[in-house]
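Worksheet for the structure shown next.
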Amino acid sequence: MSPKDENPSERSQRELALCRAELEQARSYLQGILQNASDLIFATDVQGLLVSLSKGGERILGYKTWELVGREFSELAARRSDLLDAMEEAIVRGSASRLDIPLKAKDGRLVWCNISIVVLTNRSGQRVGAVGICQDMSQWKEFQAKLRNVERFAEMGRLAGGIAHEINNPLAVIQEIVGWARTLLRDEKGLPESFKSEMEKALLDILEQTRRGRTITHQLLGFVRDVPPCWERVDLGDVVRKAIGFLGHEIRREGVSVEVVEPEGRVESISDPRLLEQVMVNLLSNALDAIEEKGVGGGRIVVEIVRREGAWEIRVSDTGTGIDEAHREHIFELLYTTKSPGKGTGLGLPISKRIVEQLGGEMGFETEVGRGTTFWFRIPDRPTQWGG
Amino acid sequence: MGPKGSRVEEVKLKTAPRVLLIDDEVTFLEYLAKRLEREGFSVVKAESGEKALDIASTQTFDVAIVDLKMPGIDGVETQRRLKEIQPFMECIVLTGHGSIQTALESGRHRAYQYLLKPAEYEELVKNIKEAHALSMKSRQDEFERRLQELSKAGLGAKALRTAVMELRRSLGLPEE
């Protein structure tokens with residue numbers, strides 16, 4: 001039967017079927033776009049009930065489409081009014097956009113989105129529903145927060161540096177006054193010995209507290225100041241021995257044995273001895289603190305200098321407490337400390353790490369709770385372009 | 001009896017370090033000066049750069065201890081001008097305001113040492129002694145160089161003696 005032969009009703013039937021097919025095609029095409037888009041796209045009916053959610057939406061919010069279909073679309077937002085307002089505006093103007101609207105994911109997480117809502121109308125201008133396109137801004141937000149953190153941190157550093165400077169002056173005055181008082185006390189004849197020693201102890205305790213203040217201010221300044229390395233030939237064995245000598249008093253007080261294991265021959269590098277010493281002193285005093293904290297008496301620190309990956313590696317191992325799993329990832333963070341007040345400043349390790357990196361090297365640690373910790377750092381034989 | 005004993009000794013040798021102490025923190029000046037005097041040093045206090053320059057124009061010093069941040073002329077400038085007046089004077093910078101820029105700046109004016117407040121007293125004393133020794137050595141070297149020139153001038157014994165004494169005095173060396 002050719003088309004010419006068909007009667008009018010048959011013809012309209014056929015055209016209708018064709019239109020349906022086309023409509024079906026267009027609809028599935030649109031559905032395809034809506035459902036497969038990697039952005040969060042949702043569609044609602046005229047009452048604002050959800051009819052579809054894109055794959056991207058499922059991924060971002062953690063819902064399956066079927067869980068949401070038929071629910072009020074404004075429930076997607078952490079504050080329903082955010083979306084209801086936008087929809088009201090869209091109904092009046094045809095479309096509306098909102099920045100930084102928190103949507104609520106299935107697990108309660110907030111997802112910050114920029115949202116556009118477009119009202120859908122049919123040919124006679126009647127509203128049939130709406131489509132919302134949401135752009136996930138979480139990563140951008142996170143990035144911004146990080147950036148703000150960095151800025152705040154730099155500002156904090158400047159502020160702390162200024163305060164440290166100001167505090168150094170009164171600390172110095174107190175130290176001189178105590179020193180003078182000790183001199184007077186020492187040279188005074190005819191005072192009872194018990195009084196003298198009691199007084200001397202009190203003065204030493206004051207001195208100890210000024211030292212404590214000084215440790216904080218000097219470390220802070222060390223962190224704030226970007227001291228460029230002074231490159232020179234360094235005997236690493238010397239650096240290690242000097243640092244041990246520097247802490248001699250504490251080492252003896254804790255009754256800790258310290259052993260240095262170094263290779264035969266010269267262990268040299270072009271580096272900055274003062275900065276390296278600072279790192280060594282920090283690592284050694286941490287080792288001492290870890291041993292003291294364990295509180296079983298004695299204890300051992302081994303400092304090894306070994307050749308590794310074309311660089312010298314210095315390893316400081318202690319028989320202390322070890323580092324709890326929970327603290328490990330924070331150990332190099334500024335102002336993070338697990339020590340008691342007055343002991344830890346949360347500056348030693350971050351400063352040490354920064355110094356080592358400045359010298360073109362790297363720093364890390366191995367630890368076992370209850371058995372001890374090894375902090376190691378590696379420095380190149382000469383300044384690398386990066387570190388120099 | 002360390003400090004007292006050494007004071008007697010140093011005074012006898014007439015080589016006790018002559019220290020000019022410059023700091024706007026008056027209490028600090030007072031106590032540090034007292035301690036250094038007990039150490040056997042001769043100490044003059046100045047609470048500003050201007051005062052220090054005034055004093056240094058009439059009195060010889062081996063070592064100046066300079067604070068960096070002071071009202072009026074600051075530590076770096078004070079140090080520079082002191083060196084102009086008394087080239088044999090060594091400067092130790094002692095400051096709570098440590099910054100690498102100022103440290104480099106004072107280094108450019110040949111600071112003998114740069115110490116951050118509060119410094120260990122023993123370390124400060126050690127540095128003063130070393131700076132003093134260096135100062136005396138420079139004076140002595142200069143004395144010997146000039147002495148050779150003098151001996152070529154063909155002066156009579158008495159005139160030579162006067163000239164030598166005058167030279168020692170001008171170089172800030174003890175006359176005996």
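A, B, ... follow the sequence lines: proteins, then strands. Residue 1 opens every chain.
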Under a 4.5 Å cutoff for heavy-atom pairs, which residue among A/A164, A/G179, A/A181 has the most contacts with chain B? A/G179
Do the charged groups of A/E232 and A/R274 touch, with an N to O distance under 4.0 Å? yes
Heavy atoms only, distances under 4.5 angstrom: which of B/Y31, B/Y121, B/F28 has the most pairs with chain A? Name it, please. B/Y31
Less than 3.5 Å apart, any donor N or O on the side chain of B/E144 or B/Q140 sitting next to an acceptor on the other? yes
Determine the option with the most heavy-atom pairs under 4.5 angstrom with chain A, choosing from B/T27, B/L32, B/L29, B/L94. B/L32
Residue, of A/V173, A/L171, A/I177, that accumulates the most heavy atom pairs under 4.5 Å with chain B: A/I177
Only one of A/D205, A/L203, A/T210 forms a side-chain contact (heavy atoms from CB on, under 4.5 Å) with A/L207, so which one is it? A/T210
Taking atom types as modelled and ignoring hydrogens, do the side chains of B/D67 and B/T95 form a donor-acceptor contact shorter than 3.5 angstrom? yes
For B/E30, which atoms come within 4.5 Å of any heavy atom of chain A: side chain, backbone, both, or neither? neither
Does A/E208 come within less than 4.0 Å of A/K201, counting only side-chain N to carboxylate O? no
